[in-house]
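One is the number of the first residue; the rest follow in order along the sequence. Heavy atoms only: backbone and side chains are in, while hydrogens, waters and symmetry mates are out.
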Amino acid sequence: MPYVEESFTEEERALLSQYVSNTDKPVFALTNLPEVVKGALFARYSRSPKSVRRLLLDEFITDVGEVPAVPGDHVDAQRAAQLYDRMFLEYGDDSVAQLGGVHLACEQASNLLTKVLEWGRLAAYLEQSTRYIFYDQPLGGRYRYHTPGEIADSRHAAAYETFLEEVFGAYSEFVTVLMPWFEERFPKEESDSNWVWRSTIRAKACDTIRGMLPAATTSNLGIYASGQAFEQALIRMRAHPLGEVRAYADLMLEELRTVIPEFLTRVDRADRGDAWSAYLDGTRRATEAIATSLPLSAPPRDEVTLVEWDPDAELKLAAAALYPASDLPDDVLLDYVRTLPTSQVDALFGAMVGDRTNRRHKPGRAAERSFYRFDVLSDYGAFRDLQRHRMLTIEWQRLTTRHGYVTPDILGETGLADRWHDLMARAAEHYEAIRGDLGSDVAQYVVPFAYRIRYMMQFNAREAFHLLELRTQPAGHPDYRRVCQEMHRQIGSVAGHHRVHEAMEYVDYSDPDLERLEEARRVERRRAQ
């Protein structure tokens, strides 16, 4: 292709080779540079006609005549920091904070805290899974749970820790019963390796008893995010009602400032981050004060309820599909589609969806011109999985024991149901006692995953393809599969959007005995290849 190759001296090329992946192509990666320098280089794009390589040589390299023994020794990081001060603080250009990122390990965080950490949309998260890890091994002399300072300093401390130790002890006992029980019920097939069989049995056991785990259960979480995403997370966390969250924000800020200090200068400034945190805290308190005084009660509800949708969504989707291919205004296209017979709307809708050969083939942005708003009352374990879909809108209420809990059918067959019910009842007693003294926020820690939580999920049709087809695959946990299957049904039966419903052809309604078996077999085949 006719790209212009930049002109560099041999000395410049030798120096640049330490910091860019090539010196002669229009596409290249930056290497061996501090995050602040990489961000500053890209920030300069908006105010300079020079290329990044030329900017690096002219403005950030202190001695072009010599190649340093250690990459980065001749890079002026101080100048980059000063550039950030001007653009970030003086000019208020928040976009420059998107130009540097950090991989941050967040360990020993309660499951309440991990949901706060995963709130932001513009970041990548990977959390320790309850499906592949048994929580039967102590860490530091006790089981893996967090005791919040609010409880540790109260009269509930001893009872709280005694109960949680008992819960984890019971979890360990359930493991020793369920593993051999599943092994006997689902014997290994000759065509399966030991790894396929054992990993599938283990996942089945983990899925069955994860409802015993309390929200205080600690987890490890990896985050990759830009400076801007971390700044927003820290400002939110510093306004949170739980002490664990606020203290963890301080830990994160301290570590992030060792690698990207320039990106986080506003977090704890009185006139910037502190004021923003105070604003968030004030709005939360004001709305809670109104909510607690509402003279309302709700009758029993189904697990999934479609509460709002656009009756004209399918016509609007068809019109939106025409928009990028035409030169007509949006409203003119919609008026035209309204005049079409059903057969032509079907054809237009079919053209938008196309020939999908797998679930990763999804309609384009035209499918975003619609929405579905669901009120869900599922167990906390299922919520934890669905909460990860951050590109949609999700809001959740506090975890409580007042909505009841779920019990896996298998526990009745294994003789463990009575023990399960006893632990759930006692968890509710501890919840009410802590709630009465310390409030409903702190009381959440003692609530097991089996208890139901109310949350709202709103998404467009394009996201529905991704969410519902992914989360109904046979390898998924039965609880969230059931929620997503019901969402799919109601898009067709309640909203009456039959075209959207039928286009999601990879929503899976099968009911496998061993959810992860086929997935494990596929993994092993890929390994062999």
Side-chain angles (χ1 to χ4, degrees), residues 34-36 39-40 43 78 80-110 112-123 125 146 148-153 221 223-292 390 395-396 398 438-442 444-445:
E35 291 297 317
V36 66
Q78 184 176 0
Q82 292 170 348
L83 176 66
Y84 263 93
D85 284 340
R86 290 200 306 275
M87 299 188 71
F88 194 39
L89 294 177
E90 296 176 18
Y91 301 153
D93 189 352
D94 285 7
S95 62
V96 300
Q98 301 169 6
L99 300 174
V102 176
H103 287 86
L104 191 69
C106 298
E107 300 188 350
Q108 300 180 48
S110 77
L112 296 178
L113 172 56
T114 61
K115 300 308 108 194
V116 177
L117 292 171
E118 294 169 349
W119 177 271
R121 288 188 173 102
L122 301 181
Y125 311 94
H146 175 74
E150 297 94 330
I151 292 178
D153 296 334
L221 177 68
I223 304 175
Y224 179 75
S226 68
Q228 184 183 46
F230 276 122
E231 179 192 57
Q232 295 298 304
L234 294 173
I235 289 172
R236 287 194 306 270
M237 292 171 70
R238 288 164 63 86
H240 201 275
L242 289 177
E244 179 196 10
V245 178
R246 298 193 301 274
Y248 216 87
D250 291 340
L251 290 174
M252 292 171 64
L253 180 58
E254 178 182 359
E255 294 308 312
L256 287 167
R257 278 182 168 160
T258 66
V259 284
I260 52 169
E262 298 82 7
F263 293 70
L264 302 166
T265 55
R266 303 185 302 186
V267 171
D268 51 359
R269 282 184 50 169
D271 61 335
R272 298 296 183 92
D274 285 352
W276 200 337
S277 296
Y279 163 76
L280 295 174
D281 181 60
T283 57
R284 176 182 60 81
R285 291 177 183 273
T287 52
E288 286 181 358
I290 296 172
T292 55
R390 298 172 304 279
E395 290 268 20
W396 60 92
R398 293 182 182 89
L438 304 177
S440 54
D441 288 303
V442 177
Q444 295 176 100
Y445 283 98

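- For the atom pair CD (E262) and CZ (R257), the distance works out to 10.5 Å, reported to the nearest 0.5 Å.
- With contacts defined as side-chain heavy-atom distances shorter than 4.5 Å, the pair Q108/Y248 does not qualify.
- Contacts of W119 classified as ring pair (Phe, Tyr, Trp, His ring centres under 6.0 Å), with partners at least two apart in sequence or in another chain: W396.
- For Y125 against G120, the heavy-atom pair with the smallest separation is OH-O, 2.8 Å.
- A salt bridge does not link R390 with E118: every distance from a Lys NZ or Arg NE/NH1/NH2 to an Asp or Glu carboxylate oxygen is 4.0 Å or more.
- The shortest side-chain heavy-atom distance between V36 and I260 does not fall under the 4.5 Å cut-off.
- By the salt bridge (charged side-chain N to carboxylate O under 4.0 Å, His left out) test, R121 pairs with no residue at all, sequence neighbours left out.
- Partners of Y279 according to the ring pair (Phe, Tyr, Trp, His ring centres under 6.0 Å) rule, which considers only residues two or more places apart in sequence or in another chain, do not exist here.
- Of all non-hydrogen atoms in A239 and S277, the two that sit nearest each other are CB-O, 3.2 Å.
- Every residue two or more places apart in sequence or in another chain that forms a side chain to side chain donor-acceptor pair (under 3.5 Å) with S440 is listed here: R398.
- Listed by first and then second residue, the salt bridge (Lys or Arg N to Asp or Glu O under 4.0 Å) pairs that reach into residues 234-252 are R238-D250, R238-D274, sequence neighbours excluded.
- In this structure, E254 contributes its side chain and L251 its backbone to no donor-acceptor pair below 3.5 Å.
- Residues I151 and V442 approach most closely at CG1-CG1, 3.5 Å, considering heavy atoms.
- Annotation for T292 and A289: closest pair OG1-O, 3.0 Å, computed over non-hydrogen atoms.
- Within the 4.5 Å cutoff, the side chain of H146 has no heavy atoms near those of the L113 side chain.
- Listed by chain and residue number, nothing satisfies the ring pair (Phe, Tyr, Trp, His ring centres under 6.0 Å) test with H240 (two or more places apart in sequence, or in another chain).
- Contact of the L256 side chain with the V267 side chain is not registered, since no non-hydrogen atoms from C-beta on lie closer than 4.5 Å.
- For R284, the salt bridge (charged side-chain N to carboxylate O under 4.0 Å, His left out) partners at least two apart in sequence or on another chain are D281, E288.
- For the pair E231 (side chain) and L264 (backbone), a donor-acceptor distance under 3.5 Å is absent.
- The distance from atom CG of L253 to atom OG1 of T258, rounded to the nearest 0.5 Å, is 10.5 Å.
- Contact between F263 and G227 at its shortest, heavy atoms only, is CD2-CA, 3.8 Å.
- Residues meeting the ring pair (Phe, Tyr, Trp, His ring centres under 6.0 Å) test with F230, sequence neighbours left out: none.
- A search for salt bridge (charged side-chain N to carboxylate O under 4.0 Å, His left out) contacts involving E150 returns nothing, not counting sequence neighbours.
- Closest heavy-atom contact between L122 and A229: O-CB, 3.4 Å.
- Between I223 and C106, some side-chain heavy-atom pair lies under the 4.5 Å cut-off.
- Annotation: side chain of M237 is in contact with side chain of V116 (closest heavy-atom distance under 4.5 Å).
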